[in-house]
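Residue numbers start from 1 in every chain, and the chains themselves are labelled A, B, ... in the order their sequence lines are given, proteins ahead of strands.
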There are 2 protein chains.
Amino acid sequence: MPKQASITIDKRIAELLKRNSLSITDSRKKILQLFLEQTGALAHGDIEKRAGEKFDRVTVYRTLQTFVDKGIVHTIPTADNSIRYALCKDECSEGHHHDHHVHFVCSTCNNTYCLDDVVTPEIKLPKGYSAEQVEVVVEGTCKNCNR
Amino acid sequence: MPKQASITIDKRIAELLKRNSLSITDSRKKILQLFLEQTGALAHGDIEKRAGEKFDRVTVYRTLQTFVDKGIVHTIPTADNSIRYALCKDECSEGHHHDHHVHFVCSTCNNTYCLDDVVTPEIKLPKGYSAEQVEVVVEGTCKNCNR
DNA sequence: TTTCTTTTGCAACTATGTTGCTTTTTTATA
DNA sequence: TATAAAAAAGCAACATAGTTGCAAAAGAAA
């Protein structure tokens, strides 16, 4: 990786953390880097592994929780009961996620993607029910695996 | 409960198990009864509690897994990472779930419902992606809690 | 009833997630 | 840039969730 690029990413990360009044620490930098380096979503386990056993499990849990609280990442529910995390777009703010896109789980490569351009549809509910949030998870084959 | 009604339910349960070539056992009967007795979905923990500590944890896990495999119940992913189970409608068969309805989680009473009459919408995916299944979970306030 | 098959319960284990507390790191400020 | 206050990390211990192998028990079939 060229030095220039990593400086840029470092700056981006530092700004992101400052904007959310979070201390700039190794674990937070590393975990954010993992998210920036890749397109898909990450499960807690992925992060633990990819961080190279450098951080305590508890630190990873707490860091992810902090990121969710601050609106930096959002969670994606999946059928296999393993929460995945993905970076939020800019519209998310503390305590208020605007996560109106569809999520896609590839059954071949098992990656999870945010389809940021696919908005969740309106759901017409029966009388008496009112919706606060709509989660759509599509399972299928992704771009790469379909080739 | 009138005796007549419970005989009917017992018969229904026995038939359901036979149809799926499953032995008729206490735990299976009891767990199916829990599902039939209530409108919402059940999490593993709910079942363990409501079965009155009569069965081993392992038995409950295995029973639920068997029911999922046979297409008797289906799972509902939720944002809090706790899989919930609900009875399938008749169209489901072994190894092949036809679970095209929307699920609703009430943020007040925390119950999960199958909205059998609300079908999942078509999702237009970006080029290269193909869908096998679409899961829609709506969070909001249910009929009872909105009153 | 007896035999064969299926299911259960138990024990032990792995994985996942949480909490309290101490030490270390970061930040703000002098 | 040294230092005090605040925040975060690490550790230990615990709690919950889920899995596996195996022997005992229950169900099905004859």
Q: Please report, rounded to the nearest Å, how far the P atom of D:dG18 is from the CD1 atom of B:Ile47.
A: 11 Å
Q: Could you tell me the separation between the CD1 atom of A:Ile31 and the C1' atom of D:dA8, rounded to a whole number of Å?
A: 12 Å
**Q.** Partners meeting side chain to side chain donor-acceptor pair (under 3.5 Å) with A:Thr141 (sequence neighbours left out)
**A.** B:Glu132
Q. Rounded to whole angstroms, how far apart are OH on B:Tyr61 and P on C:dA15?
A. 15 Å
Less than 3.5 Å apart, which donor and acceptor atoms pair up between the side chains of residues 38-45 of chain B and the rest of the protein, not counting sequence neighbours?
from, atom 1, to, atom 2, distance (Å)
B:Gln38, OE1, B:Arg50, NH1, 2.8
B:Gln38, NE2, B:Gly40, O, 2.8
B:His44, NE2, B:Glu48, OE1, 2.6

Q | For B:Gln65, side chain to side chain donor-acceptor pair (under 3.5 Å) partners two or more places apart | A | B:Asp69
Q.
Categorize A:Thr66 for me: base, sugar-phosphate, or nothing, with a 4.0 angstrom heavy-atom threshold over every strand shown.
A. nothing
Q | Residue list, side chain to side chain donor-acceptor pair (under 3.5 Å) with A:Tyr129, at least two apart or on another chain | A | none
**Q.** side-chain N/O B:Arg57 vs D:dG18 OP1/OP2, d < 4.0 Å
**A.** no
(Q) Going by salt bridge (Lys or Arg N to Asp or Glu O under 4.0 Å), name the pairs with one or both residues in residues 113-125 of chain B, residues two or more places apart or in two chains. (A) B:Lys89-B:Asp116
Q: Return yes if some donor-acceptor pair links the side-chain N/O of B:Thr75 with the main-chain N/O of B:Tyr85 below 3.5 Å, else return no.
A: no
(Q) In this structure, how many angstroms lie between the P atom of C:dT18 and the CD atom of A:Glu48, rounded? (A) 13 Å
Q.
Five pairs per end, C1' atoms only: what is the angle between the end axes of the helix from C:dT1-D:dA30 to C:dA30-D:dT1, to 10 degrees?
A. 40°
**Q.** Counterpart residues, side-chain contact (heavy atoms from CB on, under 4.5 Å), relative to B:Thr66 (two or more places apart)
**A.** B:Leu22, B:Arg28, B:Lys70
(Q) On a heavy-atom basis, which atom in B:Ile9 and which in B:Leu36 lie closest, and how many Å separate them? (A) CG2-CD1, 4.2 Å
Q: Give the B/S/- string for nucleotides 21-30 of chain D, one per nucleotide from 5' to 3', where a protein heavy atom under 4.0 Å of the base yields B, of only the sugar-phosphate yields S, and otherwise -.
A: B-----SS--
Please list, for nucleotides 1-3 of chain C, all pairs of protein and nucleotide N/O atoms separated by less than 3.5 Å.
none

**Q.** With sequence neighbours excluded, residues passing side chain to side chain donor-acceptor pair (under 3.5 Å) with B:Asp56
**A.** none
Q | Separation of atom CG in B:Leu17 from atom P in C:dT6, rounded to whole Å | A | 15 Å
Q.
Could you work out, with ring pair (Phe, Tyr, Trp, His ring centres under 6.0 Å) as the rule, every residue matching A:Phe35, not counting sequence neighbours?
A. none
Q. Separation of B:Tyr85 atom OH from D:dA17 atom P, in whole Å?
A. 12 Å
Q: Measure from CZ on A:Phe55 to P on C:dT24 and round the result to the nearest Å.
A: 17 Å
(Q) Applying side-chain contact (heavy atoms from CB on, under 4.5 Å), can you list everything that pairs with B:Ala131, at least two apart in sequence or on another chain? (A) A:Val138, B:Leu125
Q. Between B:His44 (NE2) and C:dT16 (P), how many Å, whole number?
A. 17 Å
